[in-house]
Amino acid sequence: MASPLSVGFCEKVFHADETPEGEQPVLQILNVKKINAPGASGADRYRIILSDGQYFIQSMLATQLNDKVENKELDKHVVVKLTHFVLNAVQGRKLIIILDLNVQPWNGEKIGDPKNVEQHSTAPPAAAAAAAPAPAAPASRTTGAAPARTGSNNRSAGPGKDGMGPLYPIEGLSPYQNKWTIKARVTQKSDIKHWSNQRGEGKLFSVTFMDETGEIRATGFNDAVDRFYELLQEGKVYFVSRARVNIAKKQFSNVNNEYEIMFENSTEIDPCDDDSVPQVKYNFKGIGELGDCQKDELCDVIGVVKEVHELGSVTSKATNKPFAKRDIQLVDQSGQSVRLTLWGKQAETFNHEDQPVIAFKGVKVGDFGGRSLSMFSSATMSVNPDIAEAHALRGWYDAEGQNKQFQAYTNSMATRSDNAAPRPSELKTIGQAKDEQLGMGEKTDYFTTQATIAFIKNETFSYPACANPEGCNKKVLDNGDGWLCEKCDRKWDSPIHRYILSLNVLDHTSSFWITAFNEVAEQIMGVSANELMRLKEEGNDPEFSKYFQSAAAKTWTFQMMAKQDSYNDQVRVRYQCRRAGPPDYPNDSAYLAQMISQMAF
DNA sequence: CCCCCCCC
């Protein structure tokens, strides 16, 4: 039976200087081993020995494929087809970096008796020489757009000859390796920053490079700013070589790499017109899901720019320096809107008044006003990007979104510390609120519940409050000579009564006592506490009772707050109603239908 | 060699 493997592949690549173009060899895995040195991104790395049946050669698995090892898809004697790989020369040894592969059907037996290609193949066979690209024009570097380079524009003479070295995946870069070239897309470019401190002064900028395997931040100081700032454009692809690779200070960047690049005097950067390098990948968080994010978390968000606010300025408390600032309002299909703040030059130059879709990468989640977003130095902004999510948003907004009312984040939508907690908009039954012990933790819990008023306490429903028209609302005491407000230090002939209303509400699962303060209680009772108190004091029982009777048995959607409270050494939960509204049956039904459709039967 | 990411 003929071997299913690509016999001769190991020998050929062992003698090749370039990654062979267009080859998809079929090889057998002899061994998979986790190695000690983690990948550039900090993930585990796996070494895989690949055999063509005649020879075997070492390879490294790109970390994005690690799950295929972890779920045993890749294991001893599995046959694979490499659909994307690059060849690296490391200290004279050849190493295949597997960027993508397919598992081929195979019966699990070892094929042939392969030998180590490093020990058994010493002379380049004719086939291998033919497989290497022609020296003068290695396809992967010929760009046409590349400016003439002093020296030579090819690397075919072998690693190190002109100092550029072989094409490396970003993931393969490390400080221990200085002969390399990466082909990568600039996904983000900073402004030029000038600094001045005890150690000196200067200017710098940074970019983020990305290829199939990962991303890395690169910084240029002083001369490098002059040489490369204009050349490097966001979204374009470049060859970069002869730069330094340092350990990254992770605390200053959200770029997922243990290392970072510093441009040096010898650094060469050439544009590349090969567009096969991937575009920015997003991992969008819906605007309605921002409650799930931690404060200060970086996330990707896409939305329609509903409003653009005026350019403003703030003075930093830390540095005392002024910063230009502009807020915009983003909306999406969640019906929720969120504020995003742009800073500096981005705030000044933002001129997208036509409600575009904008995709943001790496924006910081804040908790001001419930949830807000802030542009971060390494964040990127892409206006009307050509991606599916943007087209979907555009279609939705033009068809219906533009006429909708959006719910802004508010402070009452609490900061969430875990995903198990209900989101502000989430409907809970009273039974669920109790079962889940909402309000029993250290933090206040927020939820929405739909319930019917069973009973309203009518003995004590209000307190006498300060009558200050400025709005004080403090409790006042009658000292026989008028009502004294200690806060305002004023005396009033009569107080204004404000509600502290205790209601017993119930649904099909349970019931509980809730408290409603003035505004909400007024809405529920349909009368002010002051008026109700007047009726009571006049002894107008029929009128007084009528209000309580008509308020009872009504169903509301209550926005609730559950908080721990100690009373007489007993810890209990206090439920406060912050808002009440008539039930929105169509909306609630749609929500329930969605929940049902998400259930697995 | 920067490394602040701000305000309400």
Side-chain angles (χ1 to χ4, degrees), chain A residues 175 188-209 215-229 232 243-267 293-301 307-330 337-350 360-381 408-413 415:
Chain A
Q188 192 267 150
K189 182 171 87 162
S190 75
D191 290 338
I192 296 171
K193 186 197 163 175
H194 295 262
W195 87 89
S196 169
N197 59 28
Q198 310 95 300
R199 284 182 291 196
E201 56 180 59
K203 58 183 175 181
L204 71 113
F205 79 109
S206 63
V207 292
T208 305
F209 286 115
E215 54 182 1
I216 192 164
R217 190 162 84 137
T219 305
F221 290 92
N222 304 317
D223 286 357
V225 176
D226 301 331
R227 287 167 58 217
F228 300 130
Y229 189 77
L232 291 170
R244 198 152 45 127
V245 178
N246 288 335
I247 308 282
K249 291 170 194 152
K250 302 277 285 177
Q251 68 270 33
F252 302 129
S253 140
N254 62 328
V255 174
N256 183 27
N257 202 309
E258 295 296 305
Y259 306 121
E260 60 189 12
I261 289 173
M262 297 277 219
F263 297 142
E264 298 183 291
N265 286 336
S266 60
T267 296
C293 294
Q294 301 276 358
K295 174 174 152 60
D296 295 335
E297 196 176 316
L298 297 177
C299 71
D300 303 346
V301 172
E307 279 169 55
V308 178
H309 299 267
E310 295 284 294
L311 182 65
S313 173
V314 296
T315 304
S316 161
K317 278 176 181 164
T319 63
N320 241 359
K321 280 196 278 190
F323 279 89
K325 170 207 141 140
R326 188 195 296 274
D327 289 340
I328 62 174
Q329 213 62 36
L330 294 178
S337 75
V338 70
R339 192 189 76 174
L340 183 143
T341 306
L342 301 160
W343 300 98
K345 208 166 160 184
Q346 240 165 358
E348 287 165 10
T349 57
F350 188 90
F360 293 89
K361 185 162 188 63
V363 290
K364 204 171 80 167
V365 177
D367 61 0
F368 184 78
R371 274 289 174 275
S372 59
L373 299 170
S374 177
M375 216 49 190
F376 196 69
S377 67
S378 55
T380 65
M381 185 176 98
Y409 276 94
T410 65
N411 276 321
S412 65
M413 298 172 178
T415 307

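Residue numbers begin at 1 in each chain, while the letters A, B, ... track the order of the sequences. All values below come from the heavy atoms of this structure, side chains included, with hydrogens, waters and symmetry mates left out.
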Atom pair distance, as rounded to whole Å: [atom1] in [X] and [atom2] in [N]:
X         : N      : atom1 : atom2 : value
Arg339(A) : dC6(B) : CZ    : P     : 11 Å
Arg244(A) : dC2(B) : CZ    : P     : 13 Å
Asp191(A) : dC6(B) : CG    : C1'   : 15 Å
Lys321(A) : dC7(B) : NZ    : P     : 14 Å
Gln188(A) : dC5(B) : CD    : C1'   : 13 Å
Leu204(A) : dC2(B) : CG    : P     : 8 Å
Glu264(A) : dC1(B) : CD    : C1'   : 13 Å
Met375(A) : dC6(B) : CE    : P     : 13 Å

Below 4.0 angstrom from OP1 or OP2 of [N], is there any side-chain N or O of [X]?
X         : N      : value
Lys249(A) : dC1(B) : yes
Arg199(A) : dC2(B) : yes
Lys325(A) : dC8(B) : no
Trp195(A) : dC2(B) : yes

Identify whether any heavy atom of [X] sits under 4.0 Å from a base atom; if not, whether one sits that close to sugar-phosphate; answer base, sugar-phosphate or nothing.
X         : result
Arg217(A) : base
Ser206(A) : nothing
Lys317(A) : sugar-phosphate
Thr341(A) : base
Lys364(A) : sugar-phosphate
Glu260(A) : base

Inset, instruction - From the options dC5(B), dC4(B), dC7(B), select the nucleotide whose nearest atom is closest to the side chain of Val314(A). - result: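 For Val314(A), the side-chain atoms sit closest to dC7(B).
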Inset, instruction - Would you indicate which nucleotide in dC7(B), dC2(B), dC8(B) comes nearest to any side-chain atom of Phe368(A)? - result: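 The answer is dC8(B).
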Legend entry - Pi stacking test for Trp343(A) and dC5(B): under 5.5 Å apart, planes under 30°: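 Not stacked: fails the 5.5 Å / 30° test.
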Inset, instruction - Check the geometry between Phe376(A) and dC5(B) and answer yes if their rings are stacked (centres below 5.5 Å, planes below 30°), otherwise no. - result: yes
Run the side-chain donor-acceptor check on residues 217-227 of chain A: report pairs under 3.5 Å with partners two or more places apart or on a different chain.
residue: Asn222(A); atom: OD1; partner: Lys203(A); partner atom: N; Å: 2.9
residue: Asp226(A); atom: OD1; partner: Lys203(A); partner atom: NZ; Å: 2.8
residue: Arg227(A); atom: NH1; partner: Glu264(A); partner atom: O; Å: 3.3
residue: Arg227(A); atom: NH1; partner: Asn265(A); partner atom: O; Å: 3.4
residue: Arg227(A); atom: NH2; partner: Asn265(A); partner atom: O; Å: 3.3
residue: Arg227(A); atom: NH2; partner: Thr267(A); partner atom: O; Å: 2.8

Atom of [X], atom of [Y] and distance for their closest heavy-atom approach:
X         : Y         : result
Leu342(A) : Ala347(A) : O-CB, 3.5 Å
Ile328(A) : Phe360(A) : CD1-CZ, 4.0 Å
Tyr259(A) : Asn257(A) : N-OD1, 2.9 Å

Legend entry - Those residues that, when tested against Asp327(A), pass salt bridge (charged side-chain N to carboxylate O under 4.0 Å, His left out) (two or more places apart): Lys325(A), Arg339(A)
Legend entry - Exam field: side chain Ser374(A) to backbone Lys364(A), donor-acceptor pair closer than 3.5 Å: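 No.
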